There are 2 protein chains.
Amino acid sequence: MDKNLKRMATMQRMQVTGLELFYKKGYYNTSVDDILKELSLSKGAFYYHFQSKEDFFISIIQNLIVRKVYSMLIEPIEGKEDPLKTIEVCFENAMSTAEHNELDYGFVLSNFMTEFNGRNELISKYLRDIYKMWQVNIVTILQKGKTDGYVARHIDSEAVAAFLISSYMGVRMLMVEGNSKTLSYQFLQQVRQYLKSLEQRELV
Amino acid sequence: MDKNLKRMATMQRMQVTGLELFYKKGYYNTSVDDILKELSLSKGAFYYHFQSKEDFFISIIQNLIVRKVYSMLIEPIEGKEDPLKTIEVCFENAMSTAEHNELDYGFVLSNFMTEFNGRNELISKYLRDIYKMWQVNIVTILQKGKTDGYVARHIDSEAVAAFLISSYMGVRMLMVEGNSKTLSYQFLQQVRQYLKSLEQRELV
DNA sequence: AATAAAACCGACCAAGTGGTCGGTCGCAAA
DNA sequence: TTTGCGACCGACCACTTGGTCGGTTTTATT
């Protein structure tokens, strides 16, 4: 019990610091030693808990990244009434969080998707699954929104979801290049404009 | 003269192969030796022509990446009549090119922006400049579009440009995860929907 | 053919890299 | 107090990295 607790505690410390550095400097550009130095731990400790650097990163995906994306972008829109409004608010919050984080290196998910693409199929798959989870979620609430009369029936929910996700990943990438405040404002403004064009007009 | 030609030829060969590999495997994940092996050249040849790996990459930006972005995304929309239609067509072409490229690893510019962000300020600056060039260009034609009665006067050109670029960078990133055909179609469909909402309605 | 500069070669270097392994330490059960 | 084991240490290994440098080959010029 207690032992298990200690084990988990150390692993979590490693994962948290690992994600921090991987996010900041990139996976391939961060050595295991870098992480260990930060924690004053040794190689032995690392390879006692994890099989490899890859295995370590996968555990980070499952324990930290999934949760992060879920709590920030998926959970806030699940089962809400007006999908368009809900998505708008969710984006506002996400952008605001990013904007006020002085150590912003972009959207975790898309950064890693870019880095691992074509280089590590296994990790790419895990990341892709998170993206899909998000995508499916948006599609679902849009479909429900049609039934409930919030969303125009003729729109292609899958396409809207893809477009929203694309634009979000895009701005989040651009925001790190400075001017995040302005960009954030401009982005939200245009998202609103776009979302408005999806509204169900003239309810019978 | 002739000497200069040979020099340029070798340098270009290195740059082309370099970009290919950097684009495919990432800058930090591609060694100078990797590039040299591909060309059957030696370290000596490389460091005779370039001061460092960084210097080499900067020359690639200036000689290849700038031109690529310019010819694909900037030049096609310069000085055209109807900005919204022009942007639409330009995106259609860009997406089509990407879609039919079986070795697609995303949008060159945004991939490198992500990779170098926070890791190499000098290179980031060069890349950012390309992005700005593109941005300014879109803003310019949108403003002209207002004067010419194609674009609604109340829209924020800067915001529209940022939004368009964001979404483009986003899809291009997602396209490499498979389903590029579907994604491409969905994206263009939504871009059209969005662009339509920017049109100048009811001309006097 | 002689020459000199330009272009290229490849062994070498120091500084890392991910990963291994024999050992140590502290704590809980006996 | 002894024992056993989970947690951790750190020297070490094979290998790769960007970069150097003394030297050789190509090439154009005379």
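This one's a predicted model, so the numbers in the text were calculated from it and none came from an experiment. Numbers restart at 1 for each chain; the letters A, B, ... are given by sequence-line order, proteins then strands. These numbers come from the heavy atoms of this one structure, side chains and all, not from hydrogens, waters or symmetry mates.
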Distance check needed: D:dA7 P versus A:L41 CG, whole Å only. 13 Å
Whole-Å distance, B:K25 NZ to D:dT16 C1', equals 12 Å
Counting only heavy atoms not in A:K24, do more than 12 sit closer than 6.0 Å to its NZ atom? no
Between B:S124 and A:E177, does any side-chain donor sit less than 3.5 Å from a side-chain acceptor? no
A:K53 to A:F22, cation-pi by 6.0 Å centre distance and 45° axis angle: no
Using whole Å, report how far CD of A:E54 lies from C1' of C:dG19. 14 Å
Is atom OH of B:Y47 surrounded by more than 12 heavy atoms (other residues, nucleotides or ligands) closer than 6.0 Å? yes
Scan nucleotides 10-12 of chain C against the protein and return all N/O pairs shorter than 3.5 Å with their distances rounded to 0.1 Å.
residue: C:dG10; atom: O6; partner: B:G44; partner atom: N; Å: 2.9

Using the 3.5 Å cut-off, write out each protein N or O paired with an N or O of nucleotides 14-17 of chain C and the distance between them.
residue: C:dT17; atom: OP2; partner: A:S31; partner atom: OG; Å: 3.2

C:dT20 P sits how many Å from A:F50 CZ, rounded? 15 Å
Ignoring hydrogens and geometry, is there a side-chain-to-backbone donor-acceptor pair from B:R13 to B:A9 under 3.5 Å? no
Do A:E99 and A:S184 pair up side chain to side chain, a donor and an acceptor below 3.5 Å, judged on atom types alone? yes
Verify whether one side chain among A:Q186 and B:D156 offers a donor that lies under 3.5 Å from an acceptor in the other. no
So does A:H49 get a side-chain nitrogen or oxygen closer than 4.0 Å to the phosphate oxygens (OP1/OP2) of D:dG6? no
Could you verify whether a donor N or O on one side chain and an acceptor N or O on the other, from A:T17 and A:E38, lie under 3.5 Å apart? no
Rounded to whole Å, please give me the gap between CZ in A:F46 and C1' in C:dG18. 9 Å
At under 4.0 Å, does any side-chain N or O of A:R7 touch on OP1 or OP2 of D:dA7? yes
Electrostatic pair A:E199-A:K196, nearest N-O below 4.0 angstrom: no
Among C:dC8, D:dG19, D:dC8, find the nucleotide with the atom closest to the side chain of B:Y47. D:dG19
Whole angstrom value for the distance that separates C1' of D:dG18 from CD of B:Q51: 14 Å
Rounding to a whole Å, what distance do you find between A:K6:NZ and C:dC25:P? 15 Å
B:Y48 side chain near C:dC8 phosphate (N/O to OP1/OP2, under 4.0 Å): no
Ignoring backbone atoms, test whether A:T10 places a side-chain nitrogen or oxygen under 4.0 Å from the OP1 or OP2 oxygen of D:dA7. no
How close or far is atom P of C:dA6 from atom CE of B:M8, stated in whole angstroms? 16 Å
